[in-house]
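Structure first, commentary second.
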Amino acid sequence: MKLGNDVLFQEPTVSTRRLRRSVVIAIADDSVSVRFVGEPFAFELEQEVLMYFTAKREFMQQIGRIVSIDAHGAPIDPAAEGAKEGPVFTLEPIGDPISAEARQNYRVSTISAGIQAVMGEEMNLQVQDLSATGFAVLADQQYTIGQVLDVSVRHGEEACHGLVSIQSFRELESGRLRYGLRAIEKDPHAKVFLATLQRISLAVQREQLQRSGGVR
């Protein structure tokens, strides 16, 4: 991100998918400060939010944590568009930005594989699909886009746990919610977590091929 670049934020609830535009007005080594062009979201300190921006001609997404809010701060860069009105939000990026245009890893359907997950305080959640970098689950509780949760996944002899961020959600006709999750690669347990997800993904693909007669 550069000074003057647009950053879009998604409404931090599971009941809406509205986006609002902000402009980057300051950049530090480990943070970025933005000011909304119109009415800002009611962000709070330490809240984790999902932001979208363009980098190297690709639309990217990344989680950011609100580390300061200056409700009456003077414009940091008066020449930057949108710098004259509204509070300044300073965010600390979490993890690495990823493409928001398409999945970067193949996801295998696991609906019939009997894979279960623990997410937050919910147990025995059905894993719907899985890749080497994340998975999707059906859950009953409501979580926010960008929220970071501790999860565990088990399949046969394989089990792992780590931190994930909520990247997407979809409310089903049954009233349950389907969440798309991505592993946070800077988590201390990420290396083992990602390696285990990779093994589970390959094992499920092999099982599916065996049932279809593709592998003997």
Side-chain angles (χ1 to χ4, degrees), residues 1-14 16-38 40-70 76-77 80-83 86-107 119-120 131-137 143-151 162-170 178-191 193-194 197:
M1 287 183 276
K2 298 180 180 179
L3 286 176
N5 279 9
D6 287 349
V7 179
L8 300 177
F9 288 93
Q10 185 159 325
E11 174 73 41
T13 69
V14 298
T16 180
R17 296 187 182 184
R18 291 183 300 165
L19 295 176
R20 290 186 185 174
R21 174 175 164 245
S22 70
V23 174
V24 176
I25 59 174
I27 295 177
D29 290 339
D30 58 355
S31 67
V32 58
S33 296
V34 303
R35 198 189 297 265
F36 281 83
V37 173
F41 286 132
F43 290 153
E44 299 177 354
L45 283 176
E46 298 302 316
Q47 182 176 352
E48 291 172 345
V49 296
L50 190 60
M51 48 188 179
Y52 297 91
F53 54 92
T54 300
K56 297 181 180 179
R57 299 183 180 180
E58 185 173 9
F59 195 49
M60 309 293 288
Q61 66 181 33
Q62 187 172 20
I63 296 172
R65 179 185 293 114
I66 306 293
V67 295
S68 73
I69 301 173
D70 187 352
I76 298 175
D77 179 7
E81 182 183 356
V88 173
F89 296 93
T90 300
L91 302 98
E92 176 187 53
I94 299 175
D96 298 319
I98 62 172
S99 173
E101 296 179 349
R103 285 178 173 161
Q104 295 177 307
N105 293 86
Y106 173 72
R107 289 203 174 195
M119 183 170 71
S131 76
T133 58
F135 55 95
V137 296
Y143 305 95
T144 58
I145 294 293
Q147 185 173 350
V148 176
L149 295 166
D150 187 78
V151 299
L163 292 179
V164 298
S165 63
I166 295 181
Q167 301 290 303
S168 64
F169 76 92
R170 180 163 60 90
R178 186 182 192 276
Y179 292 98
L181 313 172
R182 182 177 176 86
I184 293 180
E185 297 181 10
K186 290 188 177 181
D187 172 44
H189 302 289
K191 186 174 181 180
F193 184 39
L194 292 170
L197 287 180

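Owing to the predicted nature of the structure, the values given are computational and were not obtained by experimental measurement.
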[X] [atom1] to [Y] [atom2] distance, which is reported to the nearest 0.5 Å:
X      : Y      : atom1 : atom2 : answer
Leu3   : Met1   : CG    : CE    : 11.0 Å
Ser31  : Arg65  : OG    : CZ    : 12.5 Å
Gln167 : Ile145 : CD    : CD1   : 8.0 Å
Ile69  : Leu45  : CD1   : CG    : 4.5 Å
Leu91  : Ile63  : CG    : CD1   : 12.0 Å
Ser165 : Arg182 : OG    : CZ    : 8.0 Å

Do you know the tightest heavy-atom contact between [X] and [Y]?
X      : Y      : value
Gln62  : Pro93  : NE2-CB, 3.5 Å
Val88  : Ser33  : CG1-CB, 3.9 Å
Ala55  : Met60  : CB-CG, 4.0 Å
Gln147 : Leu149 : NE2-CD2, 3.6 Å

Q.
Applying side-chain contact (heavy atoms from CB on, under 4.5 Å) to Val34 and Met51, what does each step give before you reach the verdict?
A. CA-CA 11 Å; Val34 303; Met51 48 188 179; over 6 Å; no

Q) Has the side chain of Tyr179 got a donor or acceptor atom that lies under 3.5 Å from a matching backbone atom of Tyr143? A) yes

Q | Side chain Ser22, main chain Val7, donor-acceptor under 3.5 Å | A | yes

[Y] side chain reached by [X] side chain, heavy atoms, under 4.5 Å:
X      : Y      : value
Asn5   : Phe53  : no
Asp150 : Leu163 : yes
Arg35  : Val23  : no
Thr54  : Asp6   : no

(Q) Are Phe9 and Phe89, when compared by the centres of their aromatic rings, separated by less than 6.0 Å? (A) no

